[in-house]
Amino acid sequence: MPADPLAGLNDRQREAVEAIDGPLLIVAGPGSGKTRVITHRIAYLIGRAGVSPYRIAALTFTNKAAREMQSRLFGTSQDDSAAPLLGWRLRSSGLAVGTFHSFCARLLRTDGEVMGLDRNFAIYDAADQTAAIKRAMAEAGVDFKAFSPGAVLSIISKAKSELVGVEGFGLRKENYLDEIAHRVYEQYEQMLAQSSALDFDDLLFKTHTLLNKFPRVAEKYQDRYVHFMIDEFQDTNVAQYAIARSIAKRHNNLVVVGDPDQSIYSWRNARVGNILSFQQDFPTAKVITLDESYRSTSTILDAATKVISPNSQRIERSLWTNNGVGSPIVVREEYNEEDEAQYVVREVYRLSRAEGFALGDIAVMYRVNAQSRALEEACRRFGVAYQIVGGIKFYQRREIKDVAAYLRLVSNPHDDVALDRVINVPTRGIGQRTVDNLTRAARDRGSSMYAAIESLSEPGGGPFSLRPAQAQALTRFRELIGRLNEESRTLDLVELIDAVLEQTGYRRHIEESAETKERGEERLDNVQEFRGSAREFTHLGIEEALTAFLEGVSLVSDVDSFEDQPDALTLITLHQSKGLEFPVVFMVGMEEGLLPHSRSMDTPEEIEEERRLCYVGVTRAQKRLYLLRAFRRGFWGGSGPSDPSRFLEDIPRKLIEGATPSEAPEKPAAQTVAPPARPARRRPATNGGGEARPAVERARRRVRGRREAEPAAPAAAYATGDKVRHPAFGDGIVMSCTPSAGDFQLTVAFKEGHGVKRLLLSFAPLEKLG
DNA sequence: AATTAGGCATTTTTT
DNA sequence: ATGCCTAATT
């Protein structure tokens, strides 16, 4: 029997559940019962307001969040701890609970044909995208030593996320890098179309296009979705918001839930602005703030509030809790990374021995993955069980991607990225030269690579000439894929995978090619696991099964597969920790350069995001919070001293354990020693504290100033992307600017055939433009 | 085709 | 230090 959708809610939550008419913004602080509100609201709509589940969509960002929501709504087969809000039978009632991307994928598969989309389009994940971009760069004649594929990809991805297509991008490009990106973009789009493939951004972009260009499709969805909800709204990008507005247009029941203070994915093109401007876009929107935290102690909550409040881009509010004061926050400095890790692990051990915490209650959070190494070592040394979240990604393993690529080829032989990946794995005598020829031939005929191979056997021998051995090898590969495709019609998915493994020789290949026996077995095990996960699709027709299975492979990552692990300490990045909570949280690396990260302190906006990241970390903690830093941290083999994170200074001393004046931050004193000009690390204006450290610290810093050997070089004044002019080479774009022996080395890409030059700042007569 | 040596960069990564 | 990629070597 379904539970009462209003039971156990506080006034605000109840209000949010009952406000079923018109646009609604729910600003939900950490631990304020956000998911609860969404699920109860759905139950309320169905159970009390008589809305058909078919007319409701609730979109999340992660599969994990979607799963969580589903299990609260429908219950799960194993876990019946909480009564489901709805019955099992509603599972297949048409209620759309899923990620934005899977929602769009479904929409496009259902209705994309009117815009010429292949029903079985492939979905390119990040790795496929990179591979495709590299191919596109090669096609466009762009040297990817001078331009990193990653940088180009991120420009294109940003454009797509802002609904800027190739043409639009052409109109707004503003520097040389954009020029390059434009050429690649054009090529890349052509390749995707050729391959019947969509990348992650396309799932959104094309959905938006479909809804805008095809009114009948738009009407269908506008009619259907009387209620449209979005979770984690602070992380939506332009495209997602536009899609939501488009679909919600008719019934105007758009509900967005989020917390601008937890927006930490702007570098993935998320727009904090969406949540901040929602009220302008929907002037009639009701706004409900959930500010009671059920998660953290008041000490932790106070610290979090103090950390976040300097930000300017936020909706002012104050969180509160009835949870009591709890333990003070522990702030510590250790000598180096190893000591820091050792302290953490010792303390973890103590907490689990003497204070009744389970290892699974404890998480250690860090800014960059590299920080996990020292922690892992310490765990191993002390025999503490640990798990790294998102460390090894199953679907990103080579053997899995290879087998998936074969399946993709069987499903759609025109998938060039898949073909490129496996055409010579295992080796079939098809070398790079042959692949290049093939690529060129495909481009010339405006077809996929597979189709280009097919044309070999046409009268006239096809449009490109190859030595017989190569032509034969290609033809045999084509026959292999063709045969598998034929056979697939009589097989189920698992049988097809077996056929692929045998007929392509891939099984033997991984057994033989692995560096060691164990590694070979491990890979085979992975493939077996992959095969096992295909079992749930065997009841479907092969074509449908393939599409669904491959979509899962692309769209489902396994970041969250850690949750059901046995009792172990969790090591996790701050980014990944969002949405989680732990009784005990250690944040390590609370240093300038790490948090905020040195690559994210150039603009106030970046600093604000780092601050939010810190806030997210702090608010993961329920009962205990430890903030650690190392005085000396190893970077790239070397090691340098570090300053405490500016965020530490925002935490009031009274919340910190054993705080004494010499340990706790004090109000900024007059700057007796002016810090030397630091060309490499521009301190943004938001660093309000300046030299807010006690004398001992300051002394240390002065010594350090010398050790860092930051010279009185000309101010670095150049950043990547700056336009410069050189008397001999003309105009160019700064590709990079790195400190180098008392100077700065600039890599500059010049126009008009002068190419890329490396220049020393102090010698090069450069002039900054614009 | 497979192995090896040298060069290079190295934040975060829901989908 | 380390891993990844390319180029050179066998």
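Note on naming: letters A, B, ... go to the chains in the order of the sequence lines (proteins, then strands), and numbering restarts at 1 for each one. Below, all heavy atoms of this structure are taken into account, side chains as well, without hydrogens, waters or symmetry copies.
Interface remark: the A:R268 side chain does not form any donor-acceptor pair with the B:dT14 base, using a distance-only criterion of under 3.5 Å.
Using a 5.5 Å limit on the distance between ring centres and a 30° limit on the angle between planes, the aromatic ring of A:Y265 does not count as stacked on the six-membered base ring of B:dT13. Centre separation under 5.5 Å together with a plane angle under 30° holds for the ring of A:H597 and the six-membered base ring of B:dT11, marking them as stacked.
Applying the salt bridge (charged side-chain N to carboxylate O under 4.0 Å, His left out) criterion to A:D199, with sequence neighbours excluded, gives A:K160. Remark: A:E581 pairs with A:R295 by the salt bridge (charged side-chain N to carboxylate O under 4.0 Å, His left out) rule, at least two apart or across chains. A:F647 meets the ring-ring contact (aromatic ring centres under 6.0 Å, His included) test with no other residue; sequence neighbours excluded. Residues passing the side chain to side chain contact (heavy atoms under 4.5 Å, CB included) test with A:A418 are A:A405, A:R408, A:L409, A:D415, sequence neighbours excluded. Annotation: salt bridge (charged side-chain N to carboxylate O under 4.0 Å, His left out) contacts of A:E609 (sequence neighbours excluded): A:R612.
A:Y241 and A:F278 have tilted rings, their planes meeting at an angle from 30° to 60° on a 0 to 90° scale.
Per the geometry, CD1 belonging to A:I243 stands 13 Å off C1' belonging to B:dT15, to the nearest Å. Between A:Q240 atom CD and B:dT14 atom P there is a gap of 14 Å when expressed in whole angstrom units. For A:I264 and B:dT11, the CD1 to C1' distance is 12 Å, given to the nearest whole Å. Following rounding to the nearest Å, A:D201 (CG) and B:dT15 (C1') show an atom-to-atom distance of 9 Å.
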Between N or O atoms, less than 3.5 Å apart, protein on one side and nucleotides 1-5 of chain B on the other: list the pairs.
unit_1 : atom_1 : unit_2 : atom_2 : d
B:dA1  : OP2    : A:G429 : N      : 3.3

With 3.5 Å as the limit, what N/O pairs link the protein to nucleotides 3-5 of chain C?
none

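In this model, no donor atom of one side chain and acceptor atom of the other lie less than 3.5 Å apart for A:N120 and A:S411.
For residues 258-274 of chain A, every residue pair satisfying the salt bridge (Lys or Arg N to Asp or Glu O under 4.0 Å) rule, not counting sequence neighbours, is listed here: A:D259-A:R317, A:D261-A:R314, A:D261-A:R317.
Side-chain proximity of A:W267 to B:dT10, B:dT13, B:dT14: nearest is B:dT13.
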Side-chain atoms of residues 419-430 of chain A: list all donor-acceptor pairs with protein atoms under 3.5 Å, sequence neighbours left out, distances to 0.1 Å.
unit_1 : atom_1 : unit_2 : atom_2 : d
A:R421 : NE     : A:D402 : OD1    : 2.7
A:R421 : NH2    : A:D402 : OD1    : 3.2
A:N424 : OD1    : A:R428 : N      : 2.5
A:N424 : OD1    : A:G429 : N      : 3.4
A:N424 : OD1    : A:I430 : N      : 3.3
A:N424 : ND2    : A:I430 : O      : 3.0
A:R428 : NH1    : A:Y406 : OH     : 3.2
A:R428 : NH1    : A:V422 : O      : 2.9
A:R428 : NH1    : A:I423 : O      : 3.0
A:R428 : NH2    : A:Y406 : OH     : 2.7
A:R428 : NH2    : A:T504 : O      : 3.2

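Map A:T99 and A:E609 each onto its nearest nucleotide of DNA chain B; the residue landing nearer the 5' end is A:E609.
Residue A:D235 is classed as a base contact, given a heavy-atom separation below 4.0 Å to a base. At the heavy-atom level, A:T60 lies nowhere under 4.0 Å from the strands shown.
Contact between the side-chain N/O atoms of A:N369 and the OP1/OP2 oxygens of B:dT13 is found at a separation under 4.0 Å.
Across C:dT6 and B:dT11, the matching C1' atoms stand 25 Å from one another, rounded to whole Å.
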